[in-house]
There are 2 protein chains.
Amino acid sequence: MSAERRKFKHEPPDRRKLDLIEAALSLIAEKGVKGATVRDISRRAEVTQGLIRHYFSSKEDLIVAAYRYHMTQMTEVTYTSASQIDGTATERLAAFVQASLTPPVVSPRAVALWASFLVQLQQDANVKTTHEQTYTEFRDHLEDLIGAALKEAGCSVSQGRLRYLATACNAVIDGLWLEGGALPHAFAAGELPDIGLQSIGSIIAIDLRQKVDQA
Amino acid sequence: MSAERRKFKHEPPDRRKLDLIEAALSLIAEKGVKGATVRDISRRAEVTQGLIRHYFSSKEDLIVAAYRYHMTQMTEVTYTSASQIDGTATERLAAFVQASLTPPVVSPRAVALWASFLVQLQQDANVKTTHEQTYTEFRDHLEDLIGAALKEAGCSVSQGRLRYLATACNAVIDGLWLEGGALPHAFAAGELPDIGLQSIGSIIAIDLRQKVDQA
DNA sequence: CCAATAATTATACGAATGTATAATTAAAAT
DNA sequence: ATTTTAATTATACATTCGTATAATTATTGG
């Protein structure tokens with residue numbers, strides 16, 4: 001007897017692409033880019049491996065698409081959190097910090113994905129520029145928020161000084177993000193944004209902690 | 001004609017092991033753990049691949065040895081830098097921060113290795129505990145240094161508050177370390193330790209920047 | 001109901017990988 | 001010198017990987 005052929009349903013191309021991208025991301029977070037094989041990915045997406053090549057010209061093509069998708073998701077969470085606050089500049093800065101130090105931005109998955117992509121990034125110049133753009137964009141955004149908060153507080157600083165402060169605050173966020181994702185059980189709920197707000201507040205000499213419960 | 005057999009020299013086992021570990025580390029930094037094949041590693045160490053299995057029971061065995069070796073190297077650099085300072089507690093803290101934010105601790109290689117091992121770490125419980133020990137050890141060390149510096153400054157804080165400050169300062173170091181290694185051209189020479197000392201100084205309310213040129 | 005289309009499965013293939021084992025050679029011991 | 005030992009090379013093997021291509025099936029339009 002011949003094994004019966006597997007039943008399947010047609011799905012809209014965008015839907016299938018997204019399924020494949022999400023399956024890829026979850027596996028990349030678990031096992032790295034090389035460890036996430038096309039067979040693994042197709043199995044998790046509940047399709048056969050041939051379908052990947054139908055939607056993506058190669059594995060690398062899928063990886064790059066997954067990277068872009070993930071990055072867009074992460075930045076959207078933080079950026080919209082700040083812009084939706086209809087209050088003072090200090091409140092928007094606090095909301096931005098808060099969102100950057102809360103799930104889903106802070107999570108083992110996000111850190112694992114970052115690490116996995118960094119490895120690949122060194123070999124793919126295409127992904128590398130996207131990465132650097134994302135970083136610069138994030139810091140520029142933070143710089144604008146800090147600048148507005150300082151101006152609001154009547155504190156005038158030079159452009160160089162502002163860049164300096166943004167870099168330092170960015171480092172605090174990155175460091176806490178890293179630790180929160182790499183050692184999730186080492187922090188109580190709410191501890192991470194609390195430390196972040198207080199530390200950044202110390203660095204720019206503005207109290208941010210009371211500004212956070214406005215949303 | 002038969003191809004002539006390759007000439008070779010006997011080397012002390014420890015020497016060969018170290019060669020293999022260093023070849024492995026350089027390749028892991030470039031291509032990740034999975035990307036660093038035993039053939040690659042043996043080629044870079046200028047031996048044939050069979051030799052790896054003569055010194056290590058498996059590839060994973062070599063990877064774990066390389067990880068331990070690397071971690072020991074990194075922590076030694078920072079710990080000795082602080083303990084060798086024969087001055088005030090504040091100076092020792094400043095030296096510790098300085099060393100943590102200077103090559104070879106801050107380097108693309110170190111960040112790449114960290115990312116590469118993190119991916120593997122999620123699957124190997126053995127490596128995972130080593131990782132968590134290293135982190136806890138580092139933060140405890142920093143906590144002691146901060147505690148001593150605060151005491152020296154006549155500032156008394158609770159144990160919980162001290163832990164809180166250590167976590168925040170650790171985050172600053174981690175974040176700057178990350179950015180300095182991931183985007184080396186984004187920072188001028190000496191900028192990273194400068195930002196670190198100033199930011200940590202702001203957080204614990206002690207000026208560290210004048211304390212660094214004593215060595 | 002039938003033809004056309006493309007979405008999906010199924011199978012195959014060469015290259016690369018980790019591992020295992022046998023063959024050789026350099027160095028040390030006697 | 002000769003034997004012994006272990007360090008090193010060489011070769012082989014099963015498996016897995018990405019990719020390519022052919023075969024089928026669901027869906028749509030007439």
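Order of the sequence lines fixes the chain letters, A, B, ..., with proteins taken first and strands second; residue numbering starts at 1 for each chain. Keep in mind that this is a model prediction, so the values were computed, not measured.
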Whole-Å distance, B/Lys17 NZ to D/dA7 P, equals 10 Å
Distances under 3.5 Å between protein N/O atoms and the N/O atoms of nucleotides 19-22 of chain C, please, pair by pair.
unit_1: C/dT19; atom_1: OP2; unit_2: B/Lys59; atom_2: N; d: 3.0
unit_1: C/dT19; atom_1: O4; unit_2: B/Gln49; atom_2: OE1; d: 3.1
unit_1: C/dA20; atom_1: OP2; unit_2: B/Arg53; atom_2: NE; d: 3.3
unit_1: C/dA20; atom_1: OP2; unit_2: B/Arg53; atom_2: NH1; d: 2.9
unit_1: C/dA20; atom_1: OP2; unit_2: B/Arg53; atom_2: NH2; d: 2.4

Rounded interatomic separation in angstrom, taking NZ from B/Lys34 and C1' from D/dG18: 15 Å
B/Leu51 CG to D/dT8 P, straight-line distance once rounded to whole Å: 5 Å
Parallel, tilted or perpendicular, as decided by the 30° and 60° cut-offs, for the rings of B/His141 and B/Phe96: parallel
Any base atoms under 4.0 Å from A/Tyr55, or only sugar-phosphate, or nothing? Heavy atoms, all strands. sugar-phosphate
Let me spell it out: for each of B/Val33 and B/Arg6, pick the nucleotide of DNA chain C with the closest heavy atom. Which residue's pick is nearer the 5' end? B/Val33
Rounded to the nearest 0.5 Å, what's the gap from CG on A/Asp140 to OG1 on A/Thr136? Could you check? 6.5 Å
C/dT8 phosphate, OP1 or OP2: any side-chain N/O from A/His54 under 4.0 angstrom? no
Donor-acceptor side-chain pairing of A/Tyr164 and B/Gln198 below 3.5 angstrom: yes
Nearest-angstrom distance from the residue atom CD of A/Glu46 to P of C/dT8: 13 Å
Check this for me, if you would: do A/Lys17 and A/Asp14 make a salt bridge, where the nitrogen-to-carboxylate-oxygen distance has to be below 4.0 angstrom? no
Atom pairs, N/O to N/O, protein against nucleotides 27-30 of chain C, distance under 3.5 Å?
none

Does A/Tyr135 have any ring-ring contact (aromatic ring centres under 6.0 Å, His included) partners at least two apart in sequence or in another chain, and if so, which? none
Does A/Arg16 put a side-chain nitrogen or oxygen below 4.0 Å from OP1 or OP2 of C/dT8? yes
Between C/dT8 (P) and A/Leu20 (CG): distance, integer Å: 9 Å
How long is the line joining CG of A/Asp61 and P of D/dT19, in whole Å? 10 Å
Is A/Arg163 paired with B/Glu191 through a side-chain N to carboxylate O contact shorter than 4.0 Å? no
B/Arg44 and B/Ser26 side chains, donor-acceptor separation under 3.5 Å: yes
Whole angstroms only, please: what is the CG-P distance between B/Leu18 and D/dA7? 16 Å
Non-hydrogen side-chain atoms of A/Trp114 and A/His131 separated by less than 4.5 Å: yes
Here the distance between atom C1' of D/dA26 and atom CD of A/Glu11, to the nearest Å, is 12 Å
Taking any heavy-atom pair under 4.0 Å as a contact, classify B/Thr48: base, sugar-phosphate, or nothing. base
Can you check whether B/Val47 reaches B/Asp19 side chain to side chain, under 4.5 Å on heavy atoms? no
